[in-house]
Amino acid sequence: MTDAATLGARKLLRHATLRQVEVFESVARHVSFTRAAEELHLTQPSVSAQVKSLAEVVGEPLYEQVGRRIYLTDAGQIVERSCREVIDILSNAEMSLSELNGMRKGRLRLSVITTAKYFAPLALGDFSLQYPDIDLELVISNRDTLLKRIEDNRSDLYVMGQLPRTRLDLEVIPFAPNPLVVIAHRDHILAKERNISMERIAQESFIMREPGSGIRHKVEEHFARHQQSIKTRLVLDGNEAIKHAVAGRLGISVVSAHALNLENSQGPLVKLDVQSFPLQSMWNIVYPRGKALSVVARQFLSFLKIHGGDYLHIG
C-alpha cells in the first residue's frame, strides 16, 4: 500500500462511522434516499446528512443527481463495495455469535435467474419456517443482471441454470435437474405426434431466447451435434414472453420444464415428444470462489442441496 493510500485508509478509519457506512450502503443499494430512510427507520434529512458527512470524509462526491434520480460516482461505487464488505463481515460475526447461543438470526440475500422464480419463493418459504427470525431478500433478474450482482457482491447466494462464459471465478454446486423441453400450442400439427425426429422438428419456426442466453447456447449446441440448424422466427427475453408467443401460435420453443409447473394442464401449451429431449441440464447454486458465507447462507446452501429437488416436480 502506498503512503497516500495508507493515509487515506487511516482517515476513513478515524472519521467514518458505522452508521454512515450502513446508511450509504442502503442508499447505494436502493439508489434512493427515500427507500433507504424507510428501511433504516430514519428521516430523509438524517439520511442525507449521514451521506454528506461520509462524502466529506472521503473527500469526493459519492453521487450525482439528475432530475429525481441519483447516480453513484466512481468514488461512490468504490465506497459502496467497501461498505458492503464491512457490513457483511459484521453481519457474519453477529450470526456466528447468535449461532453460539443456539439462535438463528441474520439476513439471507438470494438472487435467482428468472426461471427460478417458479420454485425459489417456495424453497425460501419453507426455509424461513425453520428459521423464522431471519430477514430475507429475494431478487429475480435476467442473466446479465445476475452476473453483475455476483460481480458487485450484492447477494449471498445465486441460483442459475445454464452457466454462461464469464471471467468470474465461481463455486458451482449442482443441486437439482433442470430439463429443457420443446413446447408448442395445443393445436400444433405435431402436438399429438410421438418420437418426433430432430430433422422434423428443425423444420419448424422457433422462438428463441436472446443471444448470450445459457439455454439458447445449449439448444443451439444440441441441434448442431445432430447436424441440424434452428429456424429462428422471433427472439424474446424471458420465459413468460416466450410462453405467450407460443400460445399465440407464433412458433415453438425450448424452455425449462419448470417454466410450465404452474400452467393449467388444459391450457394452450403442451410439451412435444421429440427425440433426444428433454435436454438434460442442472440447477446450480453459485457464489464467488473464496467468499466467506454467513451462517444463514451456509444453512440455506445445505437446505437446497438436500431439499431443492422437492420443489421441482415435472408435470
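Only a predicted model underlies this, so the values are computations on that prediction, with no experimental measurement involved.
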Worksheet item: Crowded around L129 CG? As in, over 12 foreign heavy atoms under 6.0 Å?
Response: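 Atom CG in L129 is crowded, with more than 12 foreign heavy atoms closer than 6.0 Å.
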Worksheet entry | Greater than 12 external heavy atoms within 6.0 Å of R69's CZ |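 Count not over threshold, so no.
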Worksheet entry | Audit row: I113, W283, side chain to side chain contact (heavy atoms under 4.5 Å, CB included) steps and yes/no | CA-CA 10 Å; I113 204 72; W283 284 111; 3.6 Å; yes
Worksheet item: Cut-off 3.5 Å, side chains only: do E38 and H30 have a donor facing an acceptor?
Response: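 No donor-acceptor contact under 3.5 Å links the two side chains.
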Worksheet item: Are T34 and Q44 linked by a side-chain donor-acceptor pair shorter than 3.5 Å?
Response: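 Yes, Q44 and T34 have a side-chain donor paired with an acceptor closer than 3.5 Å.
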Side-chain touch [X]/[Y], heavy atoms, less than 4.5 angstrom:
X: P288; Y: I150; result: yes
X: V139; Y: T145; result: no
X: R209; Y: N239; result: yes
X: V255; Y: T115; result: no
X: I252; Y: I201; result: yes
X: I196; Y: E204; result: no
X: R233; Y: I207; result: no
X: V296; Y: Y131; result: no

So, the side chain of [X] versus the backbone of [Y]: is there a donor-acceptor pair under 3.5 Å, distance only?
X: T73; Y: P61; result: yes
X: S26; Y: E22; result: no
X: R298; Y: L293; result: yes
X: K231; Y: Q203; result: yes
X: H226; Y: Q228; result: no
X: Q227; Y: R225; result: yes
X: Y63; Y: V51; result: no
X: R194; Y: D273; result: no
X: R149; Y: S155; result: no
X: E56; Y: V58; result: no

Worksheet item: Is the F223 to F206 ring centre distance short of 6.0 Å?
Response: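 When the ring centroids of F223 and F206 are compared, they turn out to be within the sub-6.0 Å range.
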Worksheet item: Does the ring center of H307 lie less than 6.0 Å from the ring center of F127?
Response: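 No: the rings miss the under 6.0 Å criterion.
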Treating Ile, Leu, Val, Met, Phe, Trp and Tyr as nodes and any side-chain heavy-atom pair under 4.5 angstrom as an edge, say whether [X] and [Y] lie in one connected cluster.
X: L170; Y: M282; answer: no
X: L272; Y: I230; answer: yes
X: L54; Y: I78; answer: no
X: L146; Y: I215; answer: no
X: L122; Y: L108; answer: yes

Practice prompt. Before giving the answer on side chain to side chain contact (heavy atoms under 4.5 Å, CB included), spell out for S256 and L180 the whole-Å C-alpha distance, their side-chain angles and the decisive distance to 0.1 Å.
Written response: CA-CA 4 Å; S256 167; L180 307 179; 4.3 Å; yes
Worksheet entry | Stepwise side chain to side chain contact (heavy atoms under 4.5 Å, CB included) test for I87 and V21 | CA-CA 8 Å; I87 290 173; V21 167; 4.1 Å; yes
Practice prompt. List the atom of L234, the atom of A245, and the distance in Å for their closest heavy-atom pair.
Written response: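 Looks like CD2-CB, 4.3 Å.
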Practice prompt. Taking all non-hydrogen atoms of both residues into account, name the closest pair between S128 and G125 and its distance.
Written response: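 Shortest heavy-atom contact: OG-O, 2.8 Å.
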Taking only Lys NZ, Arg NE, NH1 and NH2, and the carboxylate oxygens of Asp or Glu, determine whether [X] and [Y] approach each other closer than 4.0 Å.
X: R29; Y: E39; answer: yes
X: R154; Y: E80; answer: yes
X: E85; Y: R81; answer: no

Discussion item. Assess the residue pair R216 and V235 against the criterion (side chain to side chain contact (heavy atoms under 4.5 Å, CB included)); give the C-alpha distance rounded to whole Å, side-chain angles, the decisive distance to 0.1 Å, and a yes or no.
Written reply: CA-CA 10 Å; R216 176 169 179 156; V235 175; 3.7 Å; yes
Worksheet item: Given F175, which of L301, N284, I306, L304 fulfils the side chain to side chain contact (heavy atoms under 4.5 Å, CB included) condition?
Response: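 Testing F175 for a side chain to side chain contact (heavy atoms under 4.5 Å, CB included) against L301, N284, I306, L304 leaves exactly one candidate, L304.
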Item to complete: Applying side chain to side chain donor-acceptor pair (under 3.5 Å) between D156 and each of K291, R107, R109, report the one that passes.
Response: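 Per the side chain to side chain donor-acceptor pair (under 3.5 Å) rule, the option paired with D156 is R109, out of K291, R107, R109.
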